[in-house]
Enquirer: 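One structure, as structure tokens, below. Some questions next.
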Amino acid sequence: MQTLQVQKEKLFSDIWVHADLHENLMPVYSHILHEVAELQAKHPRYTLYVAGHSLGGAFATLFGFRAANDLPELAIHVVSFGSPRIGRELDHLLQVASLPRWRIPWTRSILPS
């Protein structure tokens, strides 16, 4: 039996995430972040909610974490439904960070919880 190997990518000094997930987010990340920054300038007291289901939930989590680091003055909340975990270190950091995050797993999902 062969062990499945997941390719990881370093996000920050001690944060590793699923490489394919990060590589697929980055082509659109800068554009979305630019739009969010413009909206934040117009509405500085607004809160950004980033939500997704399944793979979209994983993207929402990764986007929320990166955006919270790139736009620290913006209030961001992440909500994911039935999403896979995207990295142990990032999951741990999100638990202790000030980034509000709700991950609602589906108990019968085949995705890792």
Enquirer: What side-chain donor-acceptor pairs closer than 3.5 Å can you find for residues 19-34, not counting sequence neighbours?
Expert:
unit_1 : atom_1 : unit_2 : atom_2 : d
His22  : ND1    : Glu9   : OE2    : 2.5
His22  : NE2    : Arg66  : NH1    : 2.9
Asn24  : ND2    : Asp20  : O      : 2.7
Tyr29  : OH     : Arg66  : O      : 3.1
Tyr29  : OH     : Ala67  : N      : 3.2
Tyr29  : OH     : Asp70  : OD2    : 2.5
His34  : NE2    : Glu38  : OE2    : 2.9

Enquirer: Give me the atom names and distance for the closest heavy-atom approach of Ser80 to Ser83.
Expert: OG-OG, 3.2 Å

Enquirer: Decide side chain to side chain contact (heavy atoms under 4.5 Å, CB included) for Ile76 and Phe63; before the verdict, give the C-alpha distance in whole Å, the side-chain angles of both, and the deciding distance to 0.1 Å.
Expert: CA-CA 10 Å; Ile76 300 174; Phe63 177 86; 6.0 Å; no

Enquirer: Can you list everything that forms a ring-ring contact (aromatic ring centres under 6.0 Å, His included) with Phe81? Sequence neighbours excluded, please.
Expert: none

Enquirer: Taking all non-hydrogen atoms of both residues into account, name the closest pair between Ala60 and Ala51 and its distance.
Expert: CB-C, 3.8 Å

Enquirer: To the nearest 0.5 angstrom, please state how far the CG atom of Leu74 sits from the CZ atom of Arg45.
Expert: 14.0 Å

Enquirer: ring-ring contact (aromatic ring centres under 6.0 Å, His included) with His77: which residues, sequence neighbours excluded?
Expert: Tyr49, Trp102

